[in-house]
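What follows is one structure encoded as structure tokens, with my remarks underneath.
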Protein chains: 2
Amino acid sequence: MSDRTSLTLKESRYLALMYRTQVEEGERVTTTTLAKSFKVNPATVTEVLQKLAEKGLIEYVRYYGARLSERGILEAQKLLRKHRILEVLFVKFLRYDAKKACEEASKIDFYCSEELINTICKTYGHPEKCPCNKKIFRDPTCLSVVS
Amino acid sequence: MSDRTSLTLKESRYLALMYRTQVEEGERVTTTTLAKSFKVNPATVTEVLQKLAEKGLIEYVRYYGARLSERGILEAQKLLRKHRILEVLFVKFLRYDAKKACEEASKIDFYCSEELINTICKTYGHPEKCPCNKKIFRDPTCLSVVS
DNA sequence: TAAAAATGTTTGGTTAATCCTAAATTTTTC
DNA sequence: GAAAAATTTAGGATTAACCAAACATTTTTA
């Protein structure tokens with residue numbers, strides 16, 4: 001059986017989307033919204049939300065909606081950090097445009113280690129914004145500068 | 001249901017290992033060998049081999065062993081190409097040592113698009129060897145040079 | 001060469017992640 | 001407050017991975 005706390009790919013996608021709606025856009029996260037975004041049946045969303053609540057990543061109120069917990073926010077930021085650092089790499093190093101960079105980042109962000117991401121981050125001098133100008137979150141362990 | 005031909009992560013790992021034993025070391029691939037390598041029960045290996053045979057990627061003879069088919073060889077080379085190109089990137093760009101580069105590449109190789117890999121390949125002038133000196137296979141569609 | 005040992009397969013499970021439909025429940029809206 | 005809309009529950013299905021134990025085959029060895 002898997003950790004009672006580790007995230008699956010889909011779960012992490014839910015968190016990231018919830019982060020963008022709740023924190024970056026200040027809107028309530030509803031089941032229907034998520035269902036539409038992920039093109040799944042609302043019943044599926046409910047299931048995932050319950051799982052995320054069990055794992056302590058969201059506070060979930062039946063028939064109302066969900067809100068990221070402290071830990072949920074941190075997890076979402078971790079994924080978004082990975083995603084955005086990869087975007088920086090793809091734009092700067094491979095000269096991809098922002099859209100393509102985003103697409104390719106989406107395929108691997110979840111699987112990249114934090115260590116790898118931090119190395120890239122250092123290489124680019126700890127960038128603060130991704131190519132589409134969104135904030136890149138700090139990782140407190142990612143501070144030194146490449147000599 | 002998934003494609004009758006597409007590969008899962010584990011299946012692709014089996015192919016890559018079979019490639020290394022069969023093609024690069026000229027040895028027979030046995031169920032036990034695979035079971036030990038992947039630390040799984042032999043019964044699990046048999047299952048995967050049957051699946052790979054169904055998908056036309058290996059020729060599988062009960063009680064004897066398996067041998068990669070033409071298509072299996074191509075698939076294995078695709079994955080190994082991705083893996084090795086990533087190693088080049090991590091060693092040259094991030095100054096990782098070969099071992100660390102291999103570890104990090106293993107986490108994402110399967111998920112990287114061929115297009116991404118080809119862009120990296122071009123950027124490094126179509127390298128022919130990975131940091132541990134193994135051959136990097138050519139992708140016929142990866143020919144042009146970055147201007 | 002026959003029995004023992006090693007190897008490999010089959011059978012019959014388990015678990016986890018995703019997803020669905022239909023029915024039931026709750027909330028919202030008119 | 002009743003109908004409409006949103007959400008959840010109940011009950012399933014599928015697929016990927018895995019395992020143990022029983023069985024089959026091949027190989028070794030005495």
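Proteins come first, then strands; the chains are lettered A, B, ... in the order of their sequence lines, and each starts at number 1.
- Across all non-hydrogen atoms, the minimal contact from B:F110 to B:L7 is CZ-O, 3.4 Å.
- Comparing atom distances between the B:T46 side chain and each of C:dT18, D:dA17, C:dT9 picks out C:dT9 as nearest.
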### Query
Which nucleotides of nucleotides 22-30 of chain C have their base under 4.0 Å from a protein heavy atom (B), which only their sugar-phosphate (S), and which neither (-), written as one string 5' to 3'?
---BSS---
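- For the pair B:T8 and D:dA16, the criterion of a side-chain N or O lying under 4.0 Å from OP1 or OP2 is not met.
- Between the P atom of C:dA17 and the OH atom of A:Y14 lies a distance of 14 Å, rounded to the nearest Å.
- In this structure, A:F38 places its CZ atom 13 Å from C1' of C:dT18, rounding to the nearest Å.
- Side-chain N/O atoms of A:T44 include none lying less than 4.0 angstrom from OP1 or OP2 on C:dC19.
- Whole-Å rounding puts the A:Q50 CD to C:dT18 P distance at 15 Å.
- Put simply, the side chain of B:R71 gets close to the backbone of B:K55: a donor and an acceptor are under 3.5 Å apart.
- Using a 4.0 Å cut-off, no side-chain N or O of B:K51 falls inside it from OP1 or OP2 of D:dT15.
- In this entry the distance linking NZ of B:K10 with C1' of D:dT15 reads 15 Å, nearest Å.
- Remark: nothing in residues 15-23 of chain B comes within less than 4.0 Å of DNA chain C through any heavy atom.
- Taking the six-membered ring where tryptophan is involved, the planes of B:F38 and B:Y14 are essentially parallel, since the angle between them stays under 30° and well short of 60°.
- For B:Y60 and D:dT25, the OH to P distance is 13 Å, given to the nearest whole Å.
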### Task
Could you give me the CA-CA distance, side-chain angles and deciding distance for B:K82 and B:D139, then say whether salt bridge (charged side-chain N to carboxylate O under 4.0 Å, His left out) is met?
CA-CA 10 Å; B:K82 286 180 183 181; B:D139 174 344; over 6 Å; no
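- Using the six-membered ring where Trp is involved, A:Y19 and A:F137 have ring planes that are perpendicular, over 60° apart on the 30 and 60° scheme.
- The interatomic distance linking A:E11 (CD) with C:dA17 (P) rounds to 7 Å, in whole Å.
- Taking atom CD on B:E54 and atom P on D:dT15, their separation rounds to 11 Å, with Å as the unit.
- Distance A:L52 CG to C:dA16 P: 16 Å, rounded to the nearest Å.
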